[in-house]
Amino acid sequence: MTKEELYILPIVIPLLLVQSIYLFIDARKNGHQYWFWGIWGLIQCPMPIIFYFIFAKKVFRRKG
């Protein structure tokens, strides 16, 4: 690993853990596939949380 990668690593690891824990707990509370969201949240950022809000939480619902 390069020096720059070693400086970024302490920032990325907690970010992925926090995202994964949030997705796991919220998906479990709302009856979604919580293992899927939790594991996907550990793999990458920020796409899992964006997709969770769009597809699972349905933030952009049509009112009417």
Side-chain angles (χ1 to χ4, degrees):
M1 292 181 108
T2 64
K3 211 176 205 185
E4 292 82 20
E5 290 173 342
L6 289 175
Y7 290 137
I8 293 173
L9 206 56
I11 297 169
V12 172
I13 291 174
L15 179 69
L16 290 173
L17 282 174
V18 167
Q19 173 184 262
S20 177
I21 291 168
Y22 170 76
L23 287 172
F24 183 86
I25 292 172
D26 198 61
R28 189 174 187 184
K29 184 171 48 173
N30 292 318
H32 299 293
Q33 297 172 343
Y34 52 93
W35 281 108
F36 168 75
W37 291 108
I39 291 171
W40 192 26
L42 277 175
I43 296 172
Q44 71 183 92
C45 184
M47 293 309 290
I49 203 152
I50 292 170
F51 279 104
Y52 180 75
F53 283 130
I54 292 173
F55 295 113
K57 294 282 271 191
K58 296 188 171 88
V59 175
F60 300 109
R61 282 188 228 172
R62 291 186 182 191
K63 296 179 182 178

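Each residue takes its place number in the sequence, starting with 1. What's counted below: heavy atoms across the whole structure, side chains too, no hydrogens, waters or symmetry copies.
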Heavy-atom closest pair, residues Gly38 and Ser20: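 Shortest heavy-atom contact: O-OG, 2.5 Å.
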Enumerate, atom names and distances included, each donor-acceptor pair closer than 3.5 Å involving a side-chain atom of residues 42-51, sequence neighbours excluded.
residue	atom	partner	partner atom	Å
Gln44	OE1	Trp40	NE1	3.3

Linked, directly or transitively: Leu23 and Phe55 (ILVMFWY side chains, under 4.5 Å):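 Linked within one cluster.
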Mutual orientation of the aromatic rings belonging to Tyr52 and Trp37 [parallel < 30°, tilted 30-60°, perpendicular > 60°]: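 The arrangement is perpendicular - the two ring planes meet at more than 60°.
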Salt bridge (charged side-chain N to carboxylate O under 4.0 Å, His left out) contacts touching residues 29-38 (sequence neighbours left out):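 Sorted result for residues 29-38: Asp26-Lys29.
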Glu5: partners by side-chain hydrogen bond (donor to acceptor under 3.5 Å, both in side chains), with sequence neighbours left out: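 Result, side-chain hydrogen bond (donor to acceptor under 3.5 Å, both in side chains) vs Glu5: none returned.
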